[in-house]
Amino acid sequence: MSTINISLPDGSQKMFEQGIMPIEVAKEISHDLAKAALIAEVNAKKVSLKAPINEDAALKILTFEDEEGKTAYRHSASHIMAQAVKRLFSDTKFGIGPAIKDGFYYDFDSSHTFTTEDYEAIEAEMKKIIKENIPFERQELPREEALRFFDSLGETYKVELINDLPEDAVISIYGQGDFVDLCAGPHLPSTGYVKAVKLMSLAGAYWRGSEKNKMLQRIYATAFPSKELLEAYLFKVEEAKKRDHRKLGAELELFMILDEGPGFPFFLPKGMILRNELENFWRQEHIKWGYQEIKTPIILSRALWERSGHWDHYQENMYYTKIDGEDYSVKPMNCPGGMLVYKSKPHSYRELPIRMGELGLVHRHELSGALHGLMRVRCFTQDDAHIFMLPEQIKDELINVTKLIDSFYKLFGFSYHVELSTRPENAMGDPETWEVATNVLREAMEAMEMPYTVNEGDGAFYGPKLDFHLEDSIGRTWQCGTIQLDFQMPEKFELTYTGADNQPHRPVMIHRVVFGSIERFIGILTEHYAGAFPLWLSPVQAKILTITDRQNGYAHEVAQKLTAAGIRAEVDDRNEKIGYKIRAAQTEKVPYMLVLGDKEMEEGTAALRKRSEGDLGARSMDEIVALLKDEIIHKK
RNA sequence: GCUGGAGUAGCUCAGCCGGUAGAGCAGCUGAUUCGUAAUCAGCAGGUCAGGGGUUCGAUUCCCCUCUCUAGCUCCA
């Protein structure tokens, strides 16, 4: 038997007998590593711990700490769940069962309708399978044989999957006792490796994500290498729920959504303060960045929407009405109005770029099942702008807008990722123009060295776009900012400017938003800060709390002083103990509290208390005003 | 829209097998005048989402509608 040379991630090399399994190498390295090992990476290929190594190789042992190890672990758990379901509901057919962020799912087609009451039985069966410690066994099959095999089992979905695999694909199946699944692998050595599992939720999911297909039943679950890790995860999920903007929005009285208007949010006084602060900031910044502001009507005639292409390309998302017998539509986008403003007078090349902003309220018909708090609504305010420019200005403007968006997100401490969305199916205009536009977006991203992913076919019907995604409290991402490059609208609306040659030319246009939708942005902000907004955004910035009712008069004087300095203050002069009032203010997430007793009243001071730090001691009123003003101005 | 789940007081929730609803918090009133996260007592609060059906009787069982909710993209 010959020997082979195995190199490890730390650079060391060791000689082993040919055909050695990764798990044996792991044992050689350390007992702990062997215990934590899940799968291996041999020459950059993921394999089972029991796959013999037959040649010199670079070996890496992967554990739950590695993304790939975690994925294999959950993927194996999904097979265990499938096996459990097969045992309990034998006529079940199988769709797909991948690992996902934080867990895994499996899609089933079964005569049985799963409910949460089945969780217990399925989990119990999974535990049994885990206890049986059944090895996962890999087998590679020729295509024909694989097709025959799954066909004989009646696994129509698997047959479909195999038929769609490329000609040269290696078709592998994994068996664990009485259960066999089509799977690329790799898997853990045996079911016993999975320690803690929990079924999380139940949902319908169309086969292959298309609503033309049958809806399968999807069970979401998760798995961890220990009960403690599972519980820590469940705790984290519970904590995240407390940050949910729908819950906080109601508690903090920011907004509400009623049955009288599903998807149409009401903003309450406190939510309006937050919103107005954001809009004020937006206006100030946009002046600095060279924007003008306009406001266009909400309802405009059918002729306009036909011209813009919305009537053909966006029909199912629009609301319609009739005025004096003529068709009108409620605007789903601000651009056509902006076009009309541009067209209202002739333009010279000297004016370009023209950056025309609009906080525009748009209405869109979203599927009822897609509505979600402020994140997905049927009416929202876009912090829109349309930039009309010369072709040679495109790249600079793209960079400019990207920097503007980045400066906003940085202020709030958001991390975000960018997606480039390309030509969709129902696109307007010729593919060549799209190609050009898409490439300019790419170039701008590359010029700034911004990382981005590509989202094929997800562009707007009039142009490709760069989308900026922010995360919510449970890790779902929402598109906020977007930059869309548009060669179509200027054409449709016959926009022109007079060039240096005294001839008419066609400008190019960018559509862009920074917040995206003010509503969605407020939702994201609420979850980001868990409702404890920075001082400049807080609806109530300071709460004045009296120890006894002797200080009530003084309290209102203090409130007057703060109000005069532009600080939003409220007095709590209820006949309650100070602890009670502090608790109330703390629950309302008021950033500063001013506690007033006899001492403060005599000295003309206030005992300052910060939401995040507790008692700061007595300060003069001037000092307090200066401190708060500074924090507000610098948006700390 | 589709699939599963849910809807009881302002909020969080209880209500067994059908006999017309209960708690805590919030609110109001009174007492207490208190120093950094809940003082005590009393009072008031509900067309049990809406509609229909079964029944002597429905919050409870059945059907329809509305709304909310998880998901329907992350490719064996």
Side-chain angles (χ1 to χ4, degrees), chain A residues 71 75 78-79 82 94-101 104-107 113-118 146 150 155 157-162 164-165 169-174 180-185 187 200-220 244 246-247 250-251 253 256-263 316 365-373 453 455-456 458 474 476-477 545-552 574-587 593-600 607-611 613-618:
Chain A
T71 299
H75 190 181
S78 95
H79 278 224
F94 298 90
I96 59 170
I100 50 170
K101 185 175 183 287
F104 61 90
Y105 67 78
Y106 214 114
D107 286 346
T113 301
F114 295 104
T115 72
T116 48
E117 320 222 311
D118 298 320
F150 283 106
E155 291 291 352
Y157 300 103
K158 299 294 176 187
V159 169
E160 194 181 323
L161 289 171
I162 297 170
D164 283 359
L165 285 174
V170 175
I171 296 173
S172 58
I173 60 172
Y174 274 80
V180 180
D181 198 356
L182 172 71
C183 184
H187 277 281
M200 300 296 289
S201 65
L202 219 44
Y206 299 109
W207 168 239
R208 304 199 131 182
S210 167
E211 60 186 354
K212 293 187 189 86
N213 293 336
K214 180 168 184 181
M215 181 168 270
L216 308 181
Q217 302 185 66
R218 175 172 297 180
I219 300 180
Y220 284 89
D244 192 316
R246 292 167 300 184
K247 188 175 162 60
E251 282 172 8
E253 295 177 6
M256 62 181 181
I257 299 172
L258 305 176
D259 285 3
E260 285 83 347
E316 67 282 10
H365 182 260
E366 297 288 345
L367 292 179
S368 60
L371 302 178
H372 180 91
T453 57
N455 205 350
E456 294 292 350
D458 213 29
I474 56 170
R476 287 180 292 209
T477 71
L545 316 177
T546 53
I547 302 275
T548 74
D549 54 19
R550 284 192 299 280
Q551 294 89 36
N552 286 359
R574 289 176 299 177
N575 182 3
E576 294 289 351
K577 288 195 185 174
I578 194 64
Y580 180 91
K581 296 185 191 182
I582 287 170
R583 184 170 193 277
Q586 201 75 33
T587 312
M593 285 158 243
L594 277 66
V595 177
L596 308 179
D598 285 337
K599 205 166 62 184
E600 288 76 15
L608 194 62
R609 184 189 159 90
K610 199 168 178 177
R611 170 180 65 196
E613 291 168 31
D615 194 359
L616 300 179

Next item on the list: Mind calculating the distance between CG (A:L545) and P (B:rA38) to the nearest angstrom?
Entry: 14 Å
Next item on the list: Have a look at A:V180 and say if it touches a base, only the backbone sugar-phosphate, or nothing, with a 4.0 Å heavy-atom cut-off.
Entry: nothing
Next item on the list: Verify the contact: side-chain N or O of A:R574 to OP1 or OP2 of B:rG27, cut-off strictly under 4.0 Å; return yes or no.
Entry: yes
Margin query: Any side-chain to backbone donor/acceptor pair from A:E155 onto A:F94? Under 3.5 Å, distance only.
Written below: yes
Check: Can you check whether A:D164 reaches A:R208 side chain to side chain, under 4.5 Å on heavy atoms?
Finding: yes
Next item on the list: Would you mind classifying the nucleic acid contact of A:A618 as base, sugar-phosphate or nothing, using non-hydrogen atoms under 4.0 angstrom?
Entry: nothing
Notebook entry, point to check: Given B:rC72, is OP1 or OP2 found less than 4.0 Å from the side-chain N or O atoms of A:Y105?
Noted result: no
Item checked: Euclidean distance for P, B:rU73 against B:rU3 (whole angstrom) -> 15 Å
Note to self: Using atom P in both nucleotides, what's the gap between B:rA70 and B:rC13 to the nearest angstrom?
What the structure shows: 15 Å
Quick one: which protein N/O atoms are closer than 3.5 Å to N/O atoms of nucleotides 33-36 of chain B? Pair and distance per line, please.
unit_1: B:rU33; atom_1: O2'; unit_2: A:R550; atom_2: NH1; d: 3.2
unit_1: B:rU33; atom_1: O2; unit_2: A:D549; atom_2: N; d: 3.2
unit_1: B:rU33; atom_1: N3; unit_2: A:D549; atom_2: OD2; d: 2.8
unit_1: B:rU33; atom_1: O4; unit_2: A:D549; atom_2: OD2; d: 3.0
unit_1: B:rU33; atom_1: O4; unit_2: A:N575; atom_2: ND2; d: 3.2
unit_1: B:rC34; atom_1: OP2; unit_2: A:R550; atom_2: NH2; d: 3.4
unit_1: B:rC34; atom_1: N4; unit_2: A:N575; atom_2: OD1; d: 2.8
unit_1: B:rG35; atom_1: O6; unit_2: A:D598; atom_2: N; d: 3.2
unit_1: B:rG35; atom_1: O6; unit_2: A:K599; atom_2: N; d: 3.3
unit_1: B:rG35; atom_1: N1; unit_2: A:E600; atom_2: OE1; d: 2.8
unit_1: B:rG35; atom_1: N1; unit_2: A:E600; atom_2: OE2; d: 3.3
unit_1: B:rG35; atom_1: N2; unit_2: A:E600; atom_2: OE1; d: 3.3
unit_1: B:rG35; atom_1: N2; unit_2: A:E600; atom_2: OE2; d: 2.5
unit_1: B:rU36; atom_1: O2'; unit_2: A:R609; atom_2: NH1; d: 3.2
unit_1: B:rU36; atom_1: O2; unit_2: A:R609; atom_2: NH1; d: 3.2

Check: Any side-chain heavy-atom pair from A:L608 and A:L594 closer than 4.5 angstrom?
Finding: yes
Notebook entry, point to check: Between A:H79 and B:rA76, is there a side-chain N or O to OP1/OP2 distance below 4.0 Å?
Noted result: no
Check: Looking only at atom P, what distance separates B:rU8 and B:rU54, rounded to whole Å?
Finding: 27 Å
Item checked: Residue mapping more 5' on RNA chain B - nearest nucleotide basis, A:G95 or A:S210 -> A:S210
Item checked: Polar side-chain atom of A:S78 near backbone of A:F104 as donor-acceptor pair, under 3.5 Å -> no
Check: Has the side chain of A:K158 got a donor or acceptor atom that lies under 3.5 Å from a matching backbone atom of A:G95?
Finding: yes
Item checked: Between P of B:rA70 and CG of A:D244, the distance in whole Å -> 7 Å
Next item on the list: For A:E251 and B:rU12, give me the distance from atom CD to atom C1', rounded to whole Å.
Entry: 10 Å
Notebook entry, point to check: Can you check whether A:W207 reaches A:D107 side chain to side chain, under 4.5 Å on heavy atoms?
Noted result: no
Margin query: For a quick test of reading the model, state the closest non-hydrogen atom pair linking A:I171 to A:A146 and the distance between them.
Written below: CG2-CB, 3.7 Å
Check: In whole Å, what separates the P atom of B:rC68 from that of B:rU12?
Finding: 16 Å
Notebook entry, point to check: If you check the A:P262 side chain, which of B:rA70, B:rU67, B:rA76 turns out closest?
Noted result: B:rU67
Checklist line | Under 3.5 Å: donor-acceptor pair, side chain of A:K581, backbone of A:T546 | finding: yes
Margin query: Categorize A:Y220 for me: base, sugar-phosphate, or nothing, with a 4.0 angstrom heavy-atom threshold over every strand shown.
Written below: sugar-phosphate
Notebook entry, point to check: Is the closest side-chain heavy-atom distance between A:E600 and A:V595 below 4.5 Å?
Noted result: no
Next item on the list: Kindly give the heavy-atom pair with the smallest separation between A:A99 and A:H75, and that separation in Å.
Entry: CB-N, 4.0 Å
Next item on the list: On the 0 to 90° scale, with breaks at 30° and 60°, tag the A:Y106-A:H79 ring pair as parallel, tilted or perpendicular.
Entry: perpendicular
Margin query: When you compare the side chain of A:D598 with that of A:I547, does any pair of heavy atoms fall below 4.5 Å?
Written below: no
Notebook entry, point to check: Is there side-chain contact between A:F150 and A:L161, with at least one heavy-atom pair below 4.5 Å?
Noted result: no
Margin query: Does B:rG45 count as syn, meaning its glycosidic angle lies within 90° of 0, or as anti?
Written below: syn
Margin query: Could you tell me how far apart A:L371 (CG) and B:rG71 (P) are, to the nearest whole angstrom?
Written below: 15 Å
Atom pairs under 3.5 Å: protein N/O with N/O of nucleotides 1-8 of chain B:
unit_1: B:rG1; atom_1: OP1; unit_2: A:S368; atom_2: OG; d: 2.8
unit_1: B:rG1; atom_1: OP2; unit_2: A:S368; atom_2: OG; d: 2.8
unit_1: B:rG1; atom_1: N7; unit_2: A:G369; atom_2: N; d: 3.2
unit_1: B:rG1; atom_1: N2; unit_2: A:Y206; atom_2: OH; d: 2.7
unit_1: B:rU3; atom_1: O2; unit_2: A:G204; atom_2: N; d: 3.1

Note to self: So which atom in A:T113 and which in A:D118 form the shortest heavy-atom distance, rounded to 0.1 Å?
What the structure shows: O-OD2, 3.8 Å
Notebook entry, point to check: Say you pick atom C1' in B:rU39 and the same atom in B:rG51; how far apart are they, in whole Å?
Noted result: 48 Å
Item checked: Phosphate OP1/OP2 of B:rA70 contacted by A:R218 side-chain N/O (<4.0 Å) -> no
Notebook entry, point to check: Stems in RNA chain B: runs of 3 or more consecutive Watson-Crick or G-U pairs, distances under 3.5 Å?
Noted result: B:1-7 with B:66-72, B:10-13 with B:22-25, B:27-31 with B:39-43, B:49-53 with B:61-65
Checklist line | Separation of the C1' atoms in B:rU47 and B:rC28, to the nearest angstrom | finding: 24 Å
Next item on the list: Could you state the atom-to-atom distance from CZ of A:R583 to P of B:rA38 in whole Å?
Entry: 7 Å
Check: Just how far, in rounded Å, is P of B:rC74 from CG of A:D458?
Finding: 14 Å
Notebook entry, point to check: For the pair made of NE2 in A:H187 and P in B:rA76, what is the distance, rounded to whole Å?
Noted result: 10 Å
Notebook entry, point to check: When we call it a touch if two heavy atoms are under 4.0 Å apart, what does A:R611 touch: a base, just sugar-phosphate, or nothing?
Noted result: nothing
Item checked: Spacing of the C1' atoms in B:rA49 and B:rU59 (rounded, Å) -> 12 Å
Notebook entry, point to check: To the nearest angstrom, how far is A:R208 atom CZ from B:rC75 atom C1'?
Noted result: 8 Å
Margin query: Taking the P atom in each of B:rA58 and B:rC62, what is the distance between them to the nearest angstrom?
Written below: 15 Å
